[in-house]
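Reckoned from all heavy atoms, side chains included, excluding hydrogens, waters and symmetry mates. Keep in mind that what you see is a predicted model, and the values were worked out from it rather than measured.
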Amino acid sequence: MTDARPGIGRVTAAIVAVAAMLPYLTLKLFWLAGHYVGVGDPALMGDPAMIGLNAMTFGMNAVGLLPALAFTMRWGMRLPAWLVLLPLWVGSGLLSVVVVSAPVVLAASGLEALSGGPIEPWVYAMVYGGFVGQGVGLLAAFVLYARDRWPAVFTTRLSLAFPSPSAPLQRVIAWGAFPVAVALGLIMLVGVIGADPYLAVQDLLRGALAIAAAFALVELVRRRGDGPFWRPLALLWLGSAVLFSWGLYAMVLSAAGGPVSAGEGGLERFVALFGMLTGLVMGMCGAFLLTERSAARSGVHDVEALQQPLEGDDRERDRRTADQGHR
């Protein structure tokens, strides 16, 4: 890890993310202040549940500003890892699905996808366009940031050996989460049948990523194969984040009640709850693995850094002193 100036690519991606956040944050401020611009039914936004949800989504978006700014500054490389990784993990779970699903639905359905409901079409266009910009900008900036801060993640092999006291626990978690994540993914894939086009694309992505994350976690804890470490790690990152973030979001909507929770059934709540818990457990297992792997590599590098001067500058002097003592 260095304090070198961030590259132009990372800075540009972060600026794109911040620029995409500002319209959404401004719109939420208007709504929270009682100015329901772009809303055909003001009574909807005046509902206490909607006020709470608007405040929550405003806060979630505002939190995303911190890592975006950190990616453009030297001090961002010195932030605690959890302060960067946790919000990016949650955010990437939500935004990655929107980044893919929104353009696909718009290309398939045209402007009709923006019409209908109590919200005017231009609001949908601005909000989801902003989400796509945020997702692309934040994820691109994060990958470049991680490559500079943790280069070993991108250069080492999956089979790298390192001491892992929690390896038995990781294997239990991975194999325990495997059937649950696969089952949840299959339920989401089945839900694609007969669903609204936008929800169908989202369910398809979430189901596929959930199943991919289950296989990726097992592959990571087994440490077999000569492939790059970052590939299964990326699948685990996205899949566990999607399960947790969308599960948590659905549970919040269900708990809030009001118009936003209308039409939810028992199966949807079941999938959301188990998705949230399974994603959390899988993410924590990945965090244990990364922590031990990083600690092992840091330890090796520190020892090498301390030994090199001794072996270079003082080696001959120490040898002469030892020879004189035996004469």
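Distance check, rounded to the nearest 0.5 Å: CZ of F244 to CG of L277 gives 9.0 Å. Note that CG of L83 is 10.5 Å distant from CG of L88, once rounded to the nearest 0.5 Å. To the nearest 0.5 Å, the span separating CZ on R147 from CZ on R10 amounts to 9.0 Å. Taking OG1 of T156 as the reference point, atom CH2 of W150 lies at 14.0 Å (rounded to 0.5 Å). Once rounded to the nearest 0.5 Å, the distance linking CE of M276 with CE of M251 reads 5.5 Å. Annotation: the span from W230 atom CH2 to L158 atom CG amounts to 12.5 Å, rounded to 0.5 Å.
Residues L94 and M60 have side chains in contact (heavy-atom distance under 4.5 Å, counting atoms from C-beta outward). For the pair S164 and L289, the minimum side-chain heavy-atom distance is 4.5 Å or more. Taking 4.5 Å as the limit, every side-chain heavy atom of E219 sits out of range of all side-chain heavy atoms of R224. Between L160 and R223 the shortest side-chain heavy-atom distance does not fall below 4.5 Å. In this structure, V143 and L139 have side chains that are not in contact, with every pair of non-hydrogen atoms separated by 4.5 Å or more. The closest side-chain heavy-atom distance from N61 to Q134 is below 4.5 Å. With contacts defined as side-chain heavy-atom distances shorter than 4.5 Å, the pair D226/S159 qualifies. Looking at I119 and Y124, their side chains come closer than 4.5 Å, going by heavy atoms from C-beta outward.
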**Request:** Please lay out, stage by stage, how L233 and L290 fare under the test side-chain contact (heavy atoms from CB on, under 4.5 Å).
**Result:** CA-CA 9 Å; L233 180 65; L290 273 176; 4.0 Å; yes

**Item:** Derivation of the side-chain contact (heavy atoms from CB on, under 4.5 Å) call for V84 and W89
**Value:** CA-CA 9 Å; V84 177; W89 181 64; over 6 Å; no

**Message:** Test side-chain contact (heavy atoms from CB on, under 4.5 Å) on I211 and L189; report intermediate values, then the result.
**Reply:** CA-CA 10 Å; I211 295 173; L189 293 178; 3.9 Å; yes

**Request:** Evaluate side-chain contact (heavy atoms from CB on, under 4.5 Å) for V136 paired with V16, printing each intermediate quantity in order.
**Result:** CA-CA 8 Å; V136 172; V16 168; over 6 Å; no

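Heavy atoms from other residues, nucleotides or ligands lying under 6.0 Å from CZ of F215 number 12 at most. More than 12 heavy atoms of other residues, nucleotides or ligands sit less than 6.0 Å from atom CZ of F131.
In this structure, the ring of W237 has its center less than 6.0 angstrom from the ring center of F142.
Smallest separation of non-hydrogen atoms from A174 and V221: CB-CG2, 3.7 Å. G40 and P42 make their closest contact through O-CD, 3.5 Å (heavy atoms, listed as atom of the first residue, atom of the second, distance). Nearest heavy atom pair, residue I51 against residue G46, reads CD1-O, 3.7 Å. For the pair G283 and S240, the tightest heavy-atom approach, listed with the atom from each and the gap, is N-CB, 4.0 Å. Scanning all heavy atoms of the two residues, the minimum distance from L138 to A68 falls at CD2-CB, 3.9 Å. Between A250 and A272, the closest heavy-atom pair is CB-CB, 3.6 Å.
Note on ring orientation: taking the six-membered ring where Trp is involved, the planes of Y145 and F71 are tilted (angle from 30° to 60°). Under the 30°/60° scheme for interplanar angles, the aromatic rings of F270 and F274 are found to be tilted.
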Please tabulate, one pair per line, all N/O donor-acceptor pairs under 3.5 Å involving side-chain atoms of residues 23-37, not counting sequence neighbours.
| unit_1 | atom_1 | unit_2 | atom_2 | d |
| --- | --- | --- | --- | --- |
| T26 | OG1 | L22 | O | 2.8 |
| K28 | NZ | N54 | OD1 | 2.7 |
| K28 | NZ | T57 | OG1 | 3.2 |
| W31 | NE1 | V37 | O | 2.9 |

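Linking Ile, Leu, Val, Met, Phe, Trp and Tyr whenever their side-chain heavy atoms come within less than 4.5 Å leaves V182 and M188 in two separate clusters. One hydrophobic cluster holds both L66 and M73 under the rule that ILVMFWY side chains link at heavy-atom gaps under 4.5 Å. Both L243 and L280 belong to a common hydrophobic cluster when Ile, Leu, Val, Met, Phe, Trp and Tyr are linked at side-chain heavy-atom distances under 4.5 angstrom. Connection of L248 to F58 is established within a shared hydrophobic cluster, with ILVMFWY side chains joined at heavy-atom distances below 4.5 Å, either directly or through further cluster members. Hydrophobic clustering, with ILVMFWY side chains joined whenever heavy atoms are under 4.5 angstrom apart, keeps V180 apart from L169.
Judged by distance alone, the side chain of Q202 and the main-chain N or O of S101 form no donor-acceptor pair under 3.5 Å. Distance alone, capped at 3.5 Å, places no donor-acceptor pair between the T12 side chain and the G9 backbone.
A cation-pi geometry, defined here as NZ or CZ lying under 6.0 Å from the six-membered ring centre and within 45° of its normal, holds between R293 and F229.
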